[in-house]
Every structure is written in structure tokens, then in C-alpha cells.
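Here is the structure we will look at.
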Amino acid sequence: MPRILESVVVTKAEDGWHMVPFGLIQENVDFIVAPFRPSPSIDNLQRHPFLSAAAPADIRVLAGCVTGRRDWPMLPCERIDGMRLADAYSHAELEVVALVDDPMRPRFRCRIVHTAMHRPFLGYNRAQAAVLEAAILSTRLHLLPAEKINAEMEYLRIAISKTAGPAEEEAWSWIEEKIGSALKAPT
Ligand SMILES: Cc1cc2nc3c(=O)[nH]c(=O)nc-3n(C[C@H](O)[C@H](O)[C@H](O)COP(=O)(O)O)c2cc1C
């Protein structure tokens with residue numbers, strides 16, 4: 001299996017900047033960004049083949065981006081025409097060097113043109129990992145049965161109850177709310 005780094009990606013839209021979490025798939029020195037269609041990020045990368053990818057310092061950014069809260073502060077990139085998440089441990093600036101098109105999931109091969117560190121990484125936290133997993137789960141609700149979603153949330157909640165600080169608690173509540181209303185909605 002390839003190594004995948006979960007990142008906060010910013011692409012250039014026609015009317016501003018588009019921030020979403022994506023898993024960057026490592027392939028030797030390159031990273032593959034593979035958005036499922038339909039996706040504004042695909043259109044953005046075809047128009048403007050540059051992106052930033054940040055390791056968020058606040059897990060609420062990941063949870064926020066998939067629950068309708070995308071207005072997180074950004075800063076200009078240093079080497080590309082781009083913006084990046086401000087509150088990041090580090091970020092990379094990348095250029096698309098090839099595209100393998102696909103009706104379901106095109107793959108943009110990206111090469112790093114610049115990286116920068118912004119603050120010390122002090123350690124892992126189980127609640128952050130649980131929020132990350134739940135955030136991904138919340139984007140796949142249409143693909144999974146309710147029992148599986150409920151079972152995964154129940155398991156992830158253990159890490160939240162044992163290790164979450166206020167930021168992780170808040171991020172978790174956004175995702176619980178999204179999943180709760182999706183499961184309650186008539187199908
Ligand atoms: C940590 C994380 C990683 C994700 N990775 C991907 C990915 O690699 N490809 C994808 O299509 N969606 C991925 N998603 C879901 C997208 O972020 C979500 O569907 C988003 O709305 C798509 O962005 P768009 O506005 O460009 O369509 C991920 C979500 C999270 C929370």
C-alpha cells in the first residue's frame with residue numbers, strides 16, 4: 001500500500017481559494033492528489049496547476065472543512081501563486097506535473113517546489129486521530145450502511161472520551177451533528 005498523508009489542500013478557484021482535506025498519496029518523490037468526481041478541486045487544478053498542502057495544527061480545520069466551515073485563515077504561499085492554511089505545523093507547495101484522467105477519480109501527479117516548518121510538533125493525540133477518522137467517515141455516508149457508521153463512531157468515541165481537549169471535543173461535536181442528521185434524514 002502507498003503511504004498517504006492527510007492534508008489540508010488549497011487550490012485556486014475562479015472567485016477565490018478552495019480549501020479541502022485530501023489524502024496525498026506518496027509515490028517516490030511525488031504526491032498524487034486524487035479527488036472523486038464531481039469536485040471543484042479538479043476544475044481548479046486543471047485551470048491552475050498549483051496547490052498547497054498543510055499539516056493542520058488545529059484538528060477543527062479538518063472537521064470544519066467537511067461540515068461546512070471552510071473559512072480558516074490563510075497566508076500567501078512563497079513560491080507558487082497560491083494560499084495555504086495559516087495554522088499549520090508545516091506546509092508544502094506543489095506543482096501538477098502530470099494528469100491521469102479517469103471518469104471517477106483523476107490522479108494529479110504533483111511535485112514539491114517548496115516546504116516550510118511553522119511550529120513545533122509536540123506529539124500525537126488519540127482524539128485528533130479519532131476526529132480525522134470520523135471526518136473521513138462523514139464524507140462516505142452515502143457508501144456505508146448505518147450500522148457500520150454507528151459502530152465506527154462508537155469505537156472512535158473511546159479515544160475522544162479519554163484524550164480530547166476542547167478543540168477535539170468541538171471538532172467531534174461538528175462531525176457527530178453531521179452524521180446524526182444524515183442518519184436521521186429519510187432516504
Ligand atoms: C482527512 C480527509 C482526507 C480526504 N481525502 C480525500 C481524497 O483523497 N479524495 C477525495 O475525493 N476526497 C477526500 N476527502 C473528502 C473531501 O475532503 C470532501 O469530499 C470534499 O468536499 C471534496 O472537495 P471538493 O470541494 O473539491 O469536491 C477527504 C476528507 C478528509 C477529512
Side-chain angles (χ1 to χ4, degrees), residues 1-27 30-72 74 82-85 87-92 94 96 98-110 121 124-144 148-149 152-153 156 159-160 164 167-168 170-179 181-182:
M1 283 297 284
R3 183 166 178 252
I4 299 180
L5 301 179
E6 308 301 345
S7 308
V8 174
V9 166
V10 178
T11 54
K12 189 177 192 177
E14 273 178 316
D15 56 351
W17 301 95
H18 186 64
M19 182 186 287
V20 286
F22 280 127
L24 267 61
I25 305 160
Q26 192 163 14
E27 253 189 38
D30 292 337
F31 288 91
I32 310 296
V33 177
F36 285 97
R37 289 185 190 278
S39 159
S41 300
I42 295 175
D43 304 332
N44 294 345
L45 287 173
Q46 286 186 311
R47 234 185 1 257
H48 180 75
F50 297 92
L51 64 141
S52 68
D58 183 342
I59 200 68
R60 284 177 297 190
V61 177
L62 277 189
C65 283
V66 295
T67 56
R69 300 165 177 88
R70 288 193 182 178
D71 199 13
W72 300 96
M74 287 187 267
M83 298 288 282
R84 55 108 173 156
L85 175 70
D87 190 10
Y89 290 119
S90 61
H91 87 279
L94 302 105
V96 177
L99 166 61
V100 178
D101 214 349
D102 183 87
M104 198 191 289
R105 198 177 186 193
R107 290 165 64 89
F108 294 87
R109 174 178 292 276
C110 306
F121 177 71
Y124 302 105
N125 175 280
R126 288 183 65 197
Q128 287 171 339
V131 168
L132 184 133
E133 285 299 327
I136 295 175
L137 188 65
S138 81
T139 66
R140 299 188 177 157
L141 301 178
H142 54 297
L143 302 172
L144 300 168
K148 180 166 170 60
I149 296 164
E152 292 211 8
M153 288 296 281
L156 294 169
I160 296 294
E168 291 86 21
E170 189 172 23
W172 181 259
S173 73
W174 295 342
I175 293 171
E176 274 205 318
E177 189 181 33
K178 175 182 177 181
I179 293 182
S181 12

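Order of listing sets the numbers, starting from 1, for every ligand and every atom in it. None of the values given here were measured: they were computed from a predicted structure.
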May I ask you to identify, for Ser138, whether its side chain, its backbone, both or neither come under 4.0 Å of ligand 1 on a heavy-atom basis?
neither
Heavy-atom pairs closer than 4.0 Å: do any link ligand 1 to the side chain of Arg37, the backbone, both, or neither?
neither
Under 3.5 Å, side-chain donor or acceptor atoms of residues 46-58 against the rest of the protein: list the pairs with distances, not counting sequence neighbours.
residue: Arg47; atom: NH2; partner: Asn44; partner atom: OD1; Å: 2.8
residue: His48; atom: NE2; partner: Asp81; partner atom: O; Å: 2.8
residue: Ser52; atom: OG; partner: Met83; partner atom: O; Å: 2.6
residue: Asp58; atom: OD1; partner: Arg60; partner atom: N; Å: 2.8
residue: Asp58; atom: OD1; partner: Arg60; partner atom: NE; Å: 3.1
residue: Asp58; atom: OD2; partner: Arg60; partner atom: NE; Å: 3.0
residue: Asp58; atom: OD2; partner: Arg60; partner atom: NH2; Å: 2.7

Taking 4.0 angstrom as the limit and counting only heavy atoms of [X], give me the atoms of ligand 1 inside it, by number and element.
{"X": "Ser39", "result": "24 (P), 26 (O), 27 (O)"}
{"X": "Arg105", "result": "7 (C), 8 (O), 9 (N)"}
{"X": "Arg70", "result": "20 (C), 21 (O), 25 (O)"}
{"X": "Ile136", "result": "1 (C), 2 (C), 30 (C), 31 (C)"}
{"X": "Ser41", "result": "24 (P), 26 (O)"}

Can you pull out the closest protein heavy atom to [atom]? Residue, atom name and distance to 0.1 Å, please.
{"atom": "atom 16 (C) of ligand 1", "value": "Pro21 O, 3.6 Å"}
{"atom": "atom 7 (C) of ligand 1", "value": "Phe22 CD2, 3.4 Å"}
{"atom": "atom 25 (O) of ligand 1", "value": "His18 NE2, 2.8 Å"}
{"atom": "atom 3 (C) of ligand 1", "value": "Glu6 OE1, 3.2 Å"}
{"atom": "atom 22 (C) of ligand 1", "value": "Val20 CG1, 4.1 Å"}
{"atom": "atom 18 (C) of ligand 1", "value": "Thr139 CG2, 4.2 Å"}
{"atom": "atom 11 (O) of ligand 1", "value": "Phe36 N, 2.8 Å"}

Check whether any side-chain heavy atom of [X] sits under 4.5 Å from a side-chain heavy atom of [Y], and report yes or no.
{"X": "Asp43", "Y": "Thr11", "value": "no"}
{"X": "Arg37", "Y": "Pro106", "value": "yes"}
{"X": "Val96", "Y": "Val33", "value": "no"}
{"X": "Leu62", "Y": "Val131", "value": "no"}
{"X": "Asp87", "Y": "Trp72", "value": "no"}
{"X": "Arg109", "Y": "Val100", "value": "no"}

With distance as the sole test, does Arg70 use its side chain to make a donor-acceptor pair with the main-chain N or O of Cys65 at under 3.5 Å?
yes
Gap between atom CG of Leu137 and atom CG of Leu144 - 0.5 Å precision:
6.0 Å
Within-shell test, Glu133 vs ligand 1, heavy atom, strictly < 4.0 Å
no
Quick test of your reading of the structure: of Gly68, Ala13, Pro38, Gly23, whose heavy atom lies closest to atom 5 (N) of ligand 1?
Gly23
Looking at non-hydrogen atoms alone, which of Ala34, Ala135, Pro40 comes nearest to atom 24 (P) of ligand 1?
Pro40
Can you sort out the partners of Arg126 under salt bridge (charged side-chain N to carboxylate O under 4.0 Å, His left out), two or more places apart, ordered by chain and number?
none
Charged N to carboxylate O under 4.0 angstrom, Arg140 versus Glu152?
no
